[in-house]
Amino acid sequence: RCMSMSRLTANQLAAPKPLRRCRSASPATSRQLNLVPDHHRLIRKSWGRIPKTQFGKAALEAFIRISEVNHSIFGDKETENRHIKYFVDLVQSSVDNLEDLEASVKPWLDLIGRGHSDFKITGKHWENFAESLMNTATEWNGPGRRHKETIRAWMLMTTFLADRLAHASRAPAHASPMLTPRVQMLTGRSAFEFNN
């Protein structure tokens, strides 16, 4: 039960509890994406400054570090390199479609999520993925007050991606095996190539 600060005595004050990020407790489909045009501009400007290949490699390394796993989770170097490419492709596609991210990227997120449903991937892994993207973007944009809104915009976008991926990975696998990211990775083709 909340009490107003004026009713609390000095003996009742305690250090605030740290905020917990817990996206998996509520269904991803009920969340609204709260990116506004200023966020779109900040994300696009910051993404334009980031070297894409370096971003993909750094995001993968950040994911491995945050998740406390090693490179062997990808099986081989070729699969790992495809993940690096897909990390960049997903962010690029998101940046290109910020005005209607929900509709434009959702089919790809559903495809990726469902394609990972046979692996032991949890909501926490998707959160780690989002955190790795955000941390990597922060490295190139710089922390601090000057970039606070840019980092907030990246946090909103990457959280959206993680929520949708986690939701899709809990859904039954797609009826067509030709549309799974696993098959795409084996063939080196992207989701957009299969759909066009």
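Index from 1, following the sequence.
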Looking at every heavy atom in both Ser104 and Asn97, which two are closest together, and how far apart are they?
OG-CB, 2.9 Å
Residues Ser132 and Ala62: closest non-hydrogen pair is CB-CB, 3.7 Å
Does any part of the side chain of Thr158, heavy atoms only, come nearer than 4.5 Å to the side chain of Val91, both counted from C-beta?
no
Taking all atoms of both residues into account, what is the closest heavy-atom pair of Arg114 and Ala168, and its distance?
CG-O, 3.5 Å
Is there a path from Val69 to Leu133 through hydrophobic residues (I, L, V, M, F, W, Y) whose side chains come within less than 4.5 Å of each other?
yes
His116 (side chain) donor-acceptor with Ile112 (main chain) under 3.5 angstrom
yes
Look at the side chain of Ser67 and the backbone N and O of Ile64, then say whether any donor-acceptor pair between them is shorter than 3.5 Å.
no
Could you grab the distance from atom CE of Met134 to atom CE of Met157, nearest 0.5 Å is fine?
11.0 Å
Leu161 versus Leu109: any side-chain heavy-atom pair under 4.5 Å?
yes
Whether the Glu139 and Asn135 side chains hold a donor-acceptor pair (N or O, under 3.5 Å, no angle test) is what I'd like checked.
no
Classify the ring geometry between Trp140 and Phe55 as parallel (under 30°), tilted (30 to 60°) or perpendicular (over 60°).
tilted
Any luck finding a side-chain donor-acceptor pair between Thr79 and Asp76 under 3.5 Å?
yes
Please enumerate all residues that pass ring pair (Phe, Tyr, Trp, His ring centres under 6.0 Å) together with Phe63, with sequence neighbours excluded.
none
Walk me through whether Glu99 and Arg44 qualify under salt bridge (Lys or Arg N to Asp or Glu O under 4.0 Å).
CA-CA 12 Å; Glu99 284 77 17; Arg44 285 193 176 110; 2.9 Å; yes
How many angstroms lie between atom CD1 of Ile50 and atom NZ of Lys52, to the nearest 0.5 angstrom?
6.5 Å
Do Glu80 and Lys57 have side chains that approach each other closer than 4.5 Å (heavy atoms only, starting at C-beta)?
no
Non-hydrogen atoms of Leu98 and His40 that approach each other most closely:
O-NE2, 3.4 Å
Aromatic ring pairing Trp47/Trp154, orientation class (parallel under 30°, perpendicular over 60°, tilted between):
tilted
Under a 4.5 Å cut-off applied to non-hydrogen side-chain atoms, are His147 and Leu42 in contact?
no
Euclidean distance, Asp96 CG relative to Leu101 CG, rounded to 0.5 Å
10.5 Å
To the nearest 0.5 Å, atom NE2 of His167 lies from atom CG of Asp110 at 7.5 Å
Answer with yes or no whether the hydrophobic clustering places Ile66 together with Ile84; edges join I, L, V, M, F, W, Y residues whose side-chain heavy atoms lie under 4.5 Å apart.
no
Taking all non-hydrogen atoms of both residues, which atom of Thr136 and which atom of Ala59 are closest, and how far apart?
OG1-CA, 3.3 Å
Any heavy-atom pair between the side chains of Phe160 and Leu35 that's under 4.5 Å?
no
Taking atom CD of Gln92 and atom NZ of Lys85, what is their separation to the nearest 0.5 Å?
11.0 Å
Check ion pair Arg82-Glu78 (N to O, under 4.0 angstrom):
yes
Does the side chain of Asp38 come within less than 4.5 Å of Glu149's, by heavy atoms?
no
Closest approach of Thr159 to Ala130 (non-hydrogen atoms, all atoms of both residues)
N-CB, 4.3 Å
With a 3.5 Å cut-off and no angle check, do the side chains of Ser93 and Trp108 form a donor-acceptor pair?
no
